[in-house]
2 protein chains.
Amino acid sequence: MTTSAARPYHHGNLREALLAAGERALEAGGAQNLSLRELARDVGVSHAAPRRHFADKQALLDALAQAGYEQLEATLTAAAAAGGADFDGRLLALARAYVSFATERPALVDLMFASKHQAGAASELAQAGERSFAPALAAVADGQAAGAVVGGDPERLAKVAFAVLQGLVVLANNGLVDDASLDELVAEAVQRLVLGLRPR
Amino acid sequence: MTTSAARPYHHGNLREALLAAGERALEAGGAQNLSLRELARDVGVSHAAPRRHFADKQALLDALAQAGYEQLEATLTAAAAAGGADFDGRLLALARAYVSFATERPALVDLMFASKHQAGAASELAQAGERSFAPALAAVADGQAAGAVVGGDPERLAKVAFAVLQGLVVLANNGLVDDASLDELVAEAVQRLVLGLRPR
DNA sequence: ACCTGAACACCGTTCAAGT
DNA sequence: ACCTGAACACCGTTCAAGT
């Protein structure tokens, strides 16, 4: 019952502490410059200690990416709820939420969407990625039910919608779009998308 | 006049040789696993030799990214010419060309579009990036002139169009879209885009 | 002008050993 | 079960010195 936990002998919380330090290191210098030994130092354990919790550096990066997908899913779920019932408003709310999320954490988003997580890889990661995609899919499906969106495979249409946003994030994070015009551009893209998806 | 160049004493071609080896290493293992020392070994020089040509590893990566933008520009220029005069066909040709380019060189595209090249960085790189964007911009501007595209800032519309494609590439390179349905999805996205950009 | 060889400080990973 | 310390093979970067 040592709830005060001055340090439960064997640190006790190493996995979470490493992830937290990893998030900080990631935004500070990108996955490239993240050092496992440095994280261990930050957290106050020997450089070999992380091994118990992460088989190697990639495993820690994967865990960071997965945590990112979970944050993203929560963010988008909240935005979709706040966006109201009509398709246009909900899509715009999702778009703004996603673009904010991604431009605030460029290194994390690079890590989440760099083409490293193909094939068999970590299927937990793939599943987290797919779950984060659900709010957009639901928006499209509801839009179809309400007659605001053409028929067809909702997953395919949602992927198109998501692709637009992902692309805008890439443009923004590369400085091809300055912050001032980004929101304008997001609005424009959503409007074009809504028009393009409208039944005719 | 030793045109036969069995090795012009001081290698002679080190910069280009390193870039070529770098391209191979990049596709083999990503920027993360690219080692300057390994490139030097591949090319047959000491590990300190690259320093004359690239100040550090990042400089070599930047040069690879720049070469990538130049390849991309050439690819898109050719595709735009082959795509014909009408907006729909030209946009589809651009889209297919870009998606092929990017899915064939995932690591290069990650390098080109990872959020590392912001701020002042290498402005040659930024310029190469902007030049590669010109064919899409021209397609939109011509589309406006021909009455197939709504008015407004053509650069903003072109960025929306580019964003769609970039997003599809991310989806494809992450295994969220399998190769079989990718072309279908590209066609769908272009169609939605064309409809969304149409004057009404 | 271009390259080499030795050196420095760092890294990821492994493994016996400690508690 | 969890962590340490020493060890290994590698890395990027620097700098005197060679040609």
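Note on naming: letters A, B, ... go to the chains in the order of the sequence lines (proteins, then strands), and numbering restarts at 1 for each one.
Across dT13(C), dT4(D), dA7(C), the shortest atom-to-atom separation from the side chain of Val45(A) is found for dT4(D). Side chain of Arg41(A), nearest nucleotide from dC10(C), dT13(C), dT14(C): dC10(C). For Arg52(B), the listed nucleotide lying nearest its side chain is dC3(C); candidates were dC2(D), dC3(C), dG12(D). Side-chain proximity of Arg51(B) to dC15(C), dT14(D), dC11(D): nearest is dT14(D). Comparing dG12(D), dC3(D), dT13(C) by their nearest atom to the side chain of Leu14(A) picks out dC3(D).
Among the protein residues, Arg15(A) comes within range of no part of the nucleic acid, since none of its heavy atoms lies under 4.0 Å from any strand. The residue Leu34(B) sits close only to the backbone: its heavy atoms come under 4.0 Å of sugar-phosphate atoms, none of a base. At a threshold of 4.0 angstrom between heavy atoms, the contacts of His53(A) are confined to the sugar-phosphate backbone, with no base atom among them. Among the atoms of the strands shown, none is found under 4.0 Å from any heavy atom of Leu39(B).
Between the CG atom of Asn33(A) and the C1' atom of dA9(C) there is a distance of 16 Å, given to the nearest Å. Separating the CG atom of Leu36(A) from the C1' atom of dC10(C) is a distance of 14 Å, rounded to the nearest angstrom. Remark: P of dG12(D) and CZ of Phe54(B) are 14 Å apart, rounded to the nearest angstrom. A straight line from CD of Gln32(A) to C1' of dG12(D) spans 12 Å, rounded to a whole angstrom. Rounded to a whole Å, the CG atom of Asn13(B) is 12 Å from the P atom of dC2(C). The CZ atom of Arg37(A) sits 11 Å away from the C1' atom of dA6(D) (whole-angstrom rounding).
DNA chain C is contacted by both Glu38(A) and Ser46(B); Ser46(B) maps to the nucleotide lying nearer its 5′ end (nearest heavy atom per residue). Each of Asp56(A) and His47(B) has a nearest nucleotide on DNA chain C; the 5'-most of these lies closest to His47(B).
Side-chain N or O atoms of Gln166(B) include none that pairs as donor or acceptor with a backbone N or O of Val169(A) at under 3.5 Å. At distances below 3.5 Å, at least one donor-acceptor pair connects side-chain atoms of Asp86(B) with backbone N or O atoms of Gly89(B).
Remark: Lys159(A) does not engage Glu188(B) in a salt bridge, criterion side-chain N to carboxylate O under 4.0 Å. Checked for salt-bridge contact, Asp142(B) and Arg90(B) meet the test: a charged N lies under 4.0 Å from a carboxylate O.
Ring orientation note: the planes of Tyr98(A) and Phe162(A) are tilted relative to one another, at an angle of 30° to 60°.
Taking side-chain N and O atoms only, Ser35(B) has no distance below 4.0 Å to OP1 or OP2 of dC10(D).
Base pairing of dC15(D) is made with dG5(C), judged by Watson-Crick or G-U wobble geometry with both donor-acceptor distances under 3.5 Å. When both pairing distances are held under 3.5 Å, dC10(C) makes no Watson-Crick or G-U pair with any nucleotide shown.
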